[in-house]
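Position 1 is the first residue of the sequence, and the numbers go up from there. Computed from heavy atoms alone, side chains included, the values below leave out hydrogens, waters and symmetry copies.
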Amino acid sequence: MLLEVRNVTVCYDTAMLLNDVSLEVAEGELLALVGPNGAGKTTLLRTIAGLVRWERELRRGTRAGNITVEGEILFDGERIDRLPPHEIAARGLVLCPERRRPFRELSVLDNLRAGAYLVRDRRKVAETLEMVYALFPVLKSRSGQVSGTLSGGEQQMLAIGRALMTQPRLLCIDEPSTGLAPRVCRELFAKIKEIAETGITVLLVEQDVRLAFSLSTRNYILSHSRVVAEGTGEELLKDEKVRRSYLGLAASAGA
């Protein structure tokens with residue numbers, strides 16, 4: 001397995017955000033993680049990327065709330081759960097965060113270059129930049145534009161492009177459809193599928209269950225801080241308890 005999450009528990013003071021969560025992502029998969037708001041999906045991605053432990057270190061010695069993290073995370077067979085975020089990214093596990101978060105005052109091109117800060121080979125940086133421009137032509141046409149003036153869909157393309165500049169082996173994408181029109185979502189998800197077809201493993205967190213299942217090879221459902229179900233989209237949608245209790249979908253016809 002490329003990624004193994006083993007019995008991960010995360011607590012902020014007395015609030016348990018993840019409760020004994022385990023999952024696996026095989027190399028080459030496009031795996032979706034779905035579930036209701038507040039289930040812990042974003043916390044899981046931030047934990048995998050090392051950001052929760054980093055936040056805990058920043059809070060140490062302050063009056064801010066206490067964070068505890070337990071469990072193990074392995075990437076390509078090696079434990080990474082005690083590494084700082086930049087070392088995790090350097091190994092090829094890269095997070096594209098929720099709500100896009102571009103460097104708003106910088107140009108599109110400078111945002112993309114910022115994504116390549118860990119890549120020392122300038123030739124590879126140039127090649128990856130051309131790949132990103134081929135995937136998202138609008139970014140090339142607006143390379144000099146200030147990122148804060150882009151539309152929401154264009155900013156999401158930029159966020160994914162910036163993550164790709166790090167040359168990931170595993171790309172974790174958090175809620176890419178947030179705030180976007182349905183047509184833009186469909187176009188964006190087609191691009192995510194193209195990324196997976198290049199051989200990059202993708203772990204996708206998404207609220208739109210049907211859209212996520214249309215792309216994914218396998219899925220996990222997270223609810224109340226725990227993994228409650230696993231399977232293909234077809235298997236999960238056939239389970240009436242899963243549909244109603246965890247996916248918020250009506251009963252299927254004929255049930």
Enquirer: Work out which heavy atom in I195 is nearest to a heavy atom in T198; give both atom names and the distance.
Expert: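 It is O-OG1, 2.5 Å.
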Enquirer: Here's one to test your reading of the geometry: is the NZ or CZ of R162 within 45 degrees of the ring axis of F103 and under 6.0 Å from its centre?
Expert: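 Judged by the rule, R162 and F103 form a cation-pi pair.
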Enquirer: Thinking salt bridges, do R60 and E57 make one under a 4.0 Å N-O criterion?
Expert: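 Counted as a salt bridge, because a side-chain N and a carboxylate O are separated by less than 4.0 Å.
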Enquirer: Taking the side chain as C-beta and beyond, is there a heavy-atom pair between T47 and T43 under 4.5 Å?
Expert: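 The answer is yes, as the side chains (C-beta and beyond) meet within the 4.5 Å cut-off.
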Enquirer: Applying salt bridge (charged side-chain N to carboxylate O under 4.0 Å, His left out) between K238 and each of E240, E235, E234, report the one that passes.
Expert: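 So, applying the salt bridge (charged side-chain N to carboxylate O under 4.0 Å, His left out) to K238 and each of E240, E235, E234, only E234 qualifies.
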Enquirer: So, does D81 use its side chain to make a donor-acceptor pair with the main chain of I73 at under 3.5 Å?
Expert: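 Yes: the side chain of D81 pairs with the backbone of I73.
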Enquirer: Which heavy atom of A90 sits nearest to which heavy atom of L118, and what is that distance?
Expert: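 Nearest heavy atoms, A90 then L118: N-CD1, 3.7 Å.
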Enquirer: Are R104 and V146 close enough, and set up right, to give a side-chain contact (heavy atoms from CB on, under 4.5 Å), and what steps lead you there?
Expert: CA-CA 7 Å; R104 297 181 64 85; V146 175; 6.0 Å; no
Enquirer: Between the side chains of E55 and Y12, does any donor sit under 3.5 Å from an acceptor?
Expert: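 Side chains of E55 and Y12: pair found under 3.5 Å.
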Enquirer: Do V227 and I221 make a side-chain contact, defined as non-hydrogen atoms from C-beta onward lying under 4.5 Å apart?
Expert: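 Side-chain contact under 4.5 Å: no.
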Enquirer: Using modelled atom types only, decide if a donor and an acceptor are shared between the side chain of R226 and the backbone of S223 within a distance under 3.5 Å.
Expert: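 Between the backbone of S223 and the side chain of R226 there is no qualifying donor-acceptor contact (under 3.5 Å).
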Enquirer: Scan E24, E27, E29 and name whichever one has a side chain to side chain contact (heavy atoms under 4.5 Å, CB included) with L2.
Expert: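 When side chain to side chain contact (heavy atoms under 4.5 Å, CB included) is applied between L2 and each of E24, E27, E29, only E27 qualifies.
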Enquirer: If you look at every heavy atom in A163 and L171, which pair is closest and at what distance?
Expert: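 Taking A163 first and L171 second, the nearest heavy atoms are CB-CD1, 3.6 Å.
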Enquirer: If you define the side chain from C-beta out and look only at heavy atoms, does anything of L109 sit under 4.5 Å from N111?
Expert: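 They are not in contact (no side-chain heavy atoms under 4.5 Å apart), so the answer is no.
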Enquirer: Do D239 and K241 meet the salt-bridge criterion of a basic N to acidic O distance under 4.0 Å?
Expert: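 No.
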Enquirer: Just checking, any donor-acceptor pair under 3.5 angstrom between side chains of Q155 and S151?
Expert: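 No - no donor-acceptor pair under 3.5 Å links their side chains.
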Enquirer: Do F213 and R210 make a side-chain contact, defined as non-hydrogen atoms from C-beta onward lying under 4.5 Å apart?
Expert: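 No, too far: nothing below the 4.5 Å cut-off.
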Enquirer: Do S177 and E206 meet the criterion of a side-chain donor-acceptor pair at a distance under 3.5 Å?
Expert: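 Present: a donor and an acceptor within the cut-off.
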Enquirer: Inspect the contact between D76 and R169 and indicate whether a charged nitrogen and a carboxylate oxygen are less than 4.0 angstrom apart.
Expert: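 A salt bridge is present here (some side-chain N lies under 4.0 Å from a carboxylate O).
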Enquirer: Do K191 and E187 meet the salt-bridge criterion of a basic N to acidic O distance under 4.0 Å?
Expert: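 No.
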Enquirer: Can you name the closest pair of heavy atoms from V108 and S147 and give their distance?
Expert: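 Looks like N-OG, 3.5 Å.
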Enquirer: State whether a side-chain donor-acceptor pair under 3.5 Å links N7 with D20.
Expert: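 Yes - a donor-acceptor pair under 3.5 Å links their side chains.
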Enquirer: Would a 4.5 Å heavy-atom cut-off, applied to side chains only, mark L164 and I200 as touching?
Expert: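 SC-SC contact between L164 and I200 confirmed.
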Enquirer: Using the side-chain contact (heavy atoms from CB on, under 4.5 Å) rule, take C172 and L93 through it: C-alpha gap first, then chi angles, then the decisive distance, then the call.
Expert: CA-CA 8 Å; C172 301; L93 193 162; 4.1 Å; yes
Enquirer: Between the main-chain N or O of L237 and the side-chain N or O of R243, is there a donor-acceptor pair closer than 3.5 Å?
Expert: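 Indeed, once roles are kept as given, a pair shorter than 3.5 Å links the two residues.
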Enquirer: Between E87 and R91, is there a side-chain N and carboxylate O pair less than 4.0 Å apart?
Expert: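 A salt bridge is absent here (no side-chain N lies under 4.0 Å from a carboxylate O).
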Enquirer: Looking only at the side chains, is there a donor atom on one of Y246 and R244 sitting less than 3.5 Å from an acceptor on the other?
Expert: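 On atom types as modelled, these side chains do not qualify, holding no pair under 3.5 Å.
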Enquirer: Between L95 and P97, what is the shortest heavy-atom contact and its length?
Expert: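 So the minimum-distance heavy-atom pair works out to O-CD, 3.6 Å.
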Enquirer: Going through the distances and angles, do E4 and M1 end up as a side-chain contact (heavy atoms from CB on, under 4.5 Å)?
Expert: CA-CA 7 Å; E4 298 173 71; M1 287 291 168; 3.7 Å; yes
Enquirer: For R122, does the CZ atom sit with more than 12 other heavy atoms under 6.0 Å from it, leaving out its own atoms?
Expert: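 Atom CZ in R122 is crowded, with more than 12 foreign heavy atoms closer than 6.0 Å.
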Enquirer: Do V34 and L222 touch side chain to side chain, with heavy atoms closer than 4.5 Å?
Expert: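 V34 vs L222: side chains apart.
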Enquirer: Would the distance check show the side chain of T166 and the main-chain N or O of A116 forming a donor-acceptor pair, the cut-off being under 3.5 Å?
Expert: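 Absent.
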Enquirer: Is there a side-chain contact between S216 and L31, using heavy atoms and a 4.5 Å cut-off?
Expert: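 No, too far: nothing below the 4.5 Å cut-off.
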Enquirer: What's the shortest heavy-atom distance between M157 and L139, and which atoms?
Expert: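 M157 and L139 have their closest heavy atoms at O-CD1, 3.8 Å.
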Enquirer: For K41 and P36, indicate whether the former's side chain and the latter's backbone hold a donor-acceptor pair under 3.5 Å.
Expert: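 Looks like yes, one N/O pair under 3.5 Å.
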Enquirer: Starting from the C-alpha separation in whole Å, work towards a yes-or-no answer on side-chain contact (heavy atoms from CB on, under 4.5 Å) for F189 and D208.
Expert: CA-CA 11 Å; F189 273 63; D208 189 323; 5.7 Å; no
